[in-house]
Trainee: 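Encoded as structure tokens, here's the structure I'll be asking about.
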Amino acid sequence: MTQTGVPSATVVGNVGTQLQTVDIQMVADDNNATTIFMDEQEVVQASKRVIACRVVLYLAILVLITNVLALLWYATGGEENGWQERHAVAGPSYAYLVAIHWSLCQYTFASMEVVPNTESERVFGCLVPLVSVLVAYPLIAAIVVGVGRLGYFPPEGQRKPKLLLCRVLALFAAFFAEIILITLIWLRLGEDSLESSWTYEYNLEDSTGSFRFFTALHWVMSQYTFSTMEVVPTNMQERSFTIVVQFVGLVTTYPMIAGIVLCIVRLAPMSIQVA
């Protein structure tokens with residue numbers, strides 16, 4: 001400071017240097033924060049890639065187990081008075097599809113018309129649920145949880161009722177849209193090949209369009225819930241589509257239902273506290 005009260009050039013220079021140092025430090029802190037944020041994003045993306053790979057692996061193992069069970073069921077049903085003879089299954093290809101469908105029905109909500117008829121089939125039918133408990137159910141649980149963590153489940157810290165309610169509505173809308181889409185495809189399959197389709201088999205060809213639609217909707221709902229349904233596939237196209245529906249449910253429908261349930265469970269304690 002000079003005698004006239006005017007800061008000297010040295011003081012001004014020191015203040016400028018300090019301000020510049022502060023600016024540099026602030027920029028460095030911003031860069032560090034950005035770097036940390038980017039690192040966290042990369043960790044999240046890497047974690048999702050690992051989960052996706054595990055889901056694909058578990059799904060592949062489940063497909064392999066389903067095929068093994070189908071082949072064993074196919075061989076068991078080939079004997080005299082077996083399920084192939086009882087249900088008049090025509091051709092090995094269609095019999096194999098029926099066997100896969102039967103295997104899937106042993107560890108999903110879906111049901112079908114084929115049941116054990118001989119002693120060996122009954123014994124095999126008793127052993128398959130044990131395999132489901134030890135292998136299939138853990139795999140299905142891992143697939144559902146893995147897919148749910150990729151987007152269907154709410155974040156761990158999400159507790160706000162509005163956000164949870166919005167997620168429930170969004171998941172329910174997606175679930176309903178998927179159900180309607182599958183219903184329309186199943187209805188179309190029943191109308192394309194009328195003489196060998198489920199609409200002809202169950203005498204629905206002369207019924208109203210709305211009745212056939214709700215019958216198809218009921219069939220779709222029975223694939224993912226405990227609802228029972230008498231309509232079953234009657235040709236190769238319908239049987240193949242049914243198998244696809246079951247596998248699609250593992251990676252879309254079941255995770256969506258689990259996400260809806262999880263959100264409602266988190267909302268329930270809040271409702272109790274408000275009351």
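Since the structure is predicted, the reported quantities are computational estimates derived from the model, not experimental observations.
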Trainee: Can you list everything that forms a side-chain hydrogen bond (donor to acceptor under 3.5 Å, both in side chains) with Asn81? Sequence neighbours excluded, please.
Mentor: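 With sequence neighbours excluded, Asn81 shows a side-chain hydrogen bond (donor to acceptor under 3.5 Å, both in side chains) to no residue whatsoever.
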
Trainee: Following the transitive rule for hydrophobic clusters with a side-chain heavy-atom cut-off under 4.5 Å over Ile, Leu, Val, Met, Phe, Trp and Tyr, establish whether Leu59 and Val50 coincide in one cluster.
Mentor: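 No, Leu59 does not connect to Val50 through the hydrophobic network.
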
Trainee: Any chance you could lay out the side-chain contact (heavy atoms from CB on, under 4.5 Å) test for Asn235 and Tyr94, step after step, and finish with the verdict?
Mentor: CA-CA 8 Å; Asn235 56 47; Tyr94 186 66; 5.5 Å; no

Trainee: Is there a side-chain contact between Phe176 and Leu171, using heavy atoms and a 4.5 Å cut-off?
Mentor: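 No, every pair of side-chain atoms sits at 4.5 Å or beyond.
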
Trainee: Any salt bridge (Lys or Arg N to Asp or Glu O under 4.0 Å) pairs touching residues 78-99, not counting sequence neighbours?
Mentor: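 For residues 78-99, and leaving out neighbouring residues, there are no salt bridge (Lys or Arg N to Asp or Glu O under 4.0 Å) pairs at all.
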
Trainee: To the nearest 0.5 Å, what is the distance between CG (Leu204) and OG (Ser207)?
Mentor: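 Interatomic distance, Leu204 CG to Ser207 OG, rounded to 0.5 Å: 4.5 Å.
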
Trainee: Look up atom CG in Leu187 and atom CG in Leu217, then write down how far apart they are to the nearest 0.5 Å.
Mentor: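 Interatomic distance, Leu187 CG to Leu217 CG, rounded to 0.5 Å: 10.5 Å.
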
Trainee: How far apart are the C-alpha atoms of Trp198 and Trp219, what are their side-chain angles, what is the distance that settles it, and do they pass the side-chain contact (heavy atoms from CB on, under 4.5 Å) test?
Mentor: CA-CA 11 Å; Trp198 62 269; Trp219 178 85; over 6 Å; no

Trainee: Could you work out, with side-chain contact (heavy atoms from CB on, under 4.5 Å) as the rule, every residue matching Thr208, not counting sequence neighbours?
Mentor: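 For Thr208, the residues satisfying side-chain contact (heavy atoms from CB on, under 4.5 Å) (neighbours in sequence not counted) are Ser210, Phe211.
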
Trainee: Side-chain contact test, heavy atoms from C-beta onward, threshold under 4.5 Å: evaluate it for Val131 versus Leu127 and give yes or no.
Mentor: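 Of all side-chain heavy-atom pairs linking Leu127 with Val131, none is under 4.5 Å.
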
Trainee: Which atom pair, heavy atoms only, marks the closest approach of Ser222 to Ser227?
Mentor: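 Where Ser222 meets Ser227 most closely, the heavy atoms are CB-O, 3.3 Å.
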
Trainee: Report, as yes or no, whether the 6.0 Å neighbourhood of atom CZ on Phe172 holds more than 12 heavy atoms from other residues, nucleotides or ligands.
Mentor: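 For Phe172, atom CZ is not crowded (no more than 12 foreign heavy atoms under 6.0 Å).
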
Trainee: Using only atom types and a distance under 3.5 Å, with no angle test, would you say the side chain of Tyr74 pairs donor to acceptor with the backbone of Leu69?
Mentor: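 No, the answer is negative, given that no donor and acceptor are paired below the 3.5 Å cut-off.
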
Trainee: Other than Val248, what residues sit in its cluster of Ile, Leu, Val, Met, Phe, Trp and Tyr side chains whose heavy atoms are under 4.5 Å apart, directly or through others?
Mentor: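 Members alongside Val248: Val244.
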
Trainee: Are the side chain of Asn117 and the backbone N or O of Gly82 linked by a donor-acceptor pair below 3.5 Å?
Mentor: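 Absent.
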
Trainee: Do Ile257 and Leu165 belong to the same hydrophobic cluster, where Ile, Leu, Val, Met, Phe, Trp and Tyr are linked whenever their side-chain heavy atoms lie under 4.5 Å apart, directly or via other members?
Mentor: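 The answer is no; the residues belong to distinct hydrophobic clusters.
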
Trainee: What pairs with Thr225 under side-chain hydrogen bond (donor to acceptor under 3.5 Å, both in side chains), at least two apart in sequence or on another chain?
Mentor: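 side-chain hydrogen bond (donor to acceptor under 3.5 Å, both in side chains) check on Thr225 returns nothing, list empty.
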
Trainee: Look at the rings of Tyr224 and Tyr254 and say which category their plane angle falls in: under 30° parallel, 30 to 60° tilted, over 60° perpendicular.
Mentor: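 Ring orientation of Tyr224 relative to Tyr254: perpendicular.
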
Trainee: Going by the salt bridge (Lys or Arg N to Asp or Glu O under 4.0 Å) test, which pairs reach into residues 170-184, not counting sequence neighbours?
Mentor: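 Passing the test, one end in residues 170-184: no pairs.
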
Trainee: Checking Thr234 now: which residues fulfil side-chain hydrogen bond (donor to acceptor under 3.5 Å, both in side chains) with it, not counting sequence neighbours?
Mentor: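 Testing Thr234 for side-chain hydrogen bond (donor to acceptor under 3.5 Å, both in side chains), a comparison that skips the adjacent residues, returns Glu238.
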
Trainee: Determine whether Leu267 and Pro161 make a side-chain contact, defined as any pair of heavy atoms from C-beta on separated by less than 4.5 Å.
Mentor: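 In short, these two side chains touch, coming nearer than 4.5 Å.
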
Trainee: If you measure from CD on Glu230 to NE2 on His218, what distance do you get to the nearest 0.5 Å?
Mentor: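 One gets 7.5 Å once the value is rounded to the nearest 0.5 Å.
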
Trainee: Show the atom names and distances, to 0.1 Å, of all donor-acceptor pairs under 3.5 Å that link a side chain in residues 134-154 to residues at least two apart or in another chain.
Mentor:
none

Trainee: Find out if a path of hydrophobic residues (ILVMFWY) with successive side-chain heavy-atom gaps under 4.5 Å connects Leu72 to Val123.
Mentor: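 The answer is no; the residues belong to distinct hydrophobic clusters.
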
Trainee: Assess, by modelled atom type and distance only, whether the side chains of Ser132 and Gln106 contain a donor and an acceptor separated by less than 3.5 Å.
Mentor: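 Ser132 vs Gln106: no donor-acceptor pair found between side chains.
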
Trainee: Do Met229 and Thr215 touch side chain to side chain, with heavy atoms closer than 4.5 Å?
Mentor: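 A side-chain contact under 4.5 Å exists here.
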
Trainee: Are Phe175 and Leu169 connected in a single hydrophobic cluster, I mean Ile/Leu/Val/Met/Phe/Trp/Tyr linked by side-chain heavy atoms less than 4.5 Å apart?
Mentor: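 No: no chain of side-chain contacts under 4.5 Å links Leu169 to Phe175.
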
Trainee: I'd like to check Val89 versus Trp83 (side-chain heavy atoms, cut-off strictly below 4.5 Å). Are they in contact?
Mentor: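 Side-chain contact under 4.5 Å: yes.
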
Trainee: Ile180 and Phe213: side-chain contact (heavy atoms from CB on, under 4.5 Å), yes or no, with the steps?
Mentor: CA-CA 10 Å; Ile180 294 299; Phe213 173 80; 4.2 Å; yes

Trainee: Enumerate the side chain to side chain donor-acceptor pair (under 3.5 Å) contacts for residues 52-70, please, sequence neighbours excluded, ordered by first and then second residue.
Mentor: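 Output for this query lists Thr66-Tyr107, Asn67-Tyr96.
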
Trainee: Using atom types as modelled and distance alone, determine if a side-chain donor or acceptor of Ser197 lies under 3.5 Å from a backbone N or O of Gly190.
Mentor: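 Indeed, once roles are kept as given, a pair shorter than 3.5 Å links the two residues.
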
Trainee: Looking at side-chain heavy atoms only, is the closest gap between Ser93 and Leu97 below 4.5 Å?
Mentor: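 Not in contact.
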
Trainee: Measure the shortest side-chain to side-chain distance between Trp102 and Val115 over non-hydrogen atoms and say whether it is less than 4.5 angstrom.
Mentor: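 Trp102 vs Val115: side chains apart.
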
Trainee: Among pairs that include at least one residue of residues 209-225, which meet salt bridge (Lys or Arg N to Asp or Glu O under 4.0 Å), considering only residues two or more places apart or in two chains?
Mentor: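 Qualifying pairs: Glu191-Arg212.
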
Trainee: Enumerate the salt bridge (Lys or Arg N to Asp or Glu O under 4.0 Å) contacts for residues 113-123, please, sequence neighbours excluded, ordered by first and then second residue.
Mentor: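 Salt bridge (Lys or Arg N to Asp or Glu O under 4.0 Å) check on residues 113-123 returns Glu113-Arg239.
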
Trainee: Using the rule that Ile, Leu, Val, Met, Phe, Trp and Tyr join whenever any side-chain heavy atoms are under 4.5 Å apart, tell me whether Ile65 and Val56 fall into a single cluster.
Mentor: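 No, it is not one cluster - the side chains of Ile65 and Val56 are not joined through contacts under 4.5 Å.
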
Trainee: With a 3.5 Å distance limit and no angle check, can you tell me whether His101 reaches the backbone of Ser240 through a side-chain donor-acceptor pair?
Mentor: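 Looks like no, no N/O pair under 3.5 Å.
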
Trainee: How far apart are the closest heavy atoms of Cys263 and Arg167, and which atoms are they?
Mentor: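 Distance-wise, the nearest heavy atoms are SG-CD, 3.5 Å.
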
Trainee: If every non-hydrogen atom of Gly249 is compared with every non-hydrogen atom of Pro255, which pair is closest and at what distance?
Mentor: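 Nearest heavy atoms, Gly249 then Pro255: O-CD, 3.8 Å.
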
Trainee: Rounded to the nearest 0.5 Å, what separates atom CD in Gln237 from atom OG1 in Thr242?
Mentor: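 Taking CD in Gln237 and OG1 in Thr242, the distance rounds to 11.5 Å.
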
Trainee: So Glu201 and Val232, do their side chains get closer than 4.5 Å, heavy atoms only?
Mentor: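 No; the side chains remain at least 4.5 Å from each other.
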
Trainee: For His87, check side-chain hydrogen bond (donor to acceptor under 3.5 Å, both in side chains) against everything at least two apart and list the hits.
Mentor: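 Not a single residue meets the side-chain hydrogen bond (donor to acceptor under 3.5 Å, both in side chains) criterion with His87.
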
Trainee: Between CD of Gln223 and CD1 of Ile179, what distance do you get to the nearest 0.5 Å?
Mentor: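 Going from the CD atom of Gln223 to the CD1 atom of Ile179 covers 9.5 Å.
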
Trainee: Work out which heavy atom in Pro129 is nearest to a heavy atom in Gly125; give both atom names and the distance.
Mentor: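 In this case the closest contact between Pro129 and Gly125 is CD-O, 2.8 Å.
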
Trainee: Using the rule given for side-chain contact (heavy atoms from CB on, under 4.5 Å), can you reason through Trp73 versus Val128, listing the C-alpha separation, both sets of side-chain angles and the distance that settles it, and then say yes or no?
Mentor: CA-CA 10 Å; Trp73 179 246; Val128 170; over 6 Å; no

Trainee: With rounding to the nearest 0.5 Å, note down the distance linking CZ in Phe109 to OG1 in Thr253.
Mentor: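 Between Phe109 CZ and Thr253 OG1, I get 11.0 Å after rounding to 0.5 Å.
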
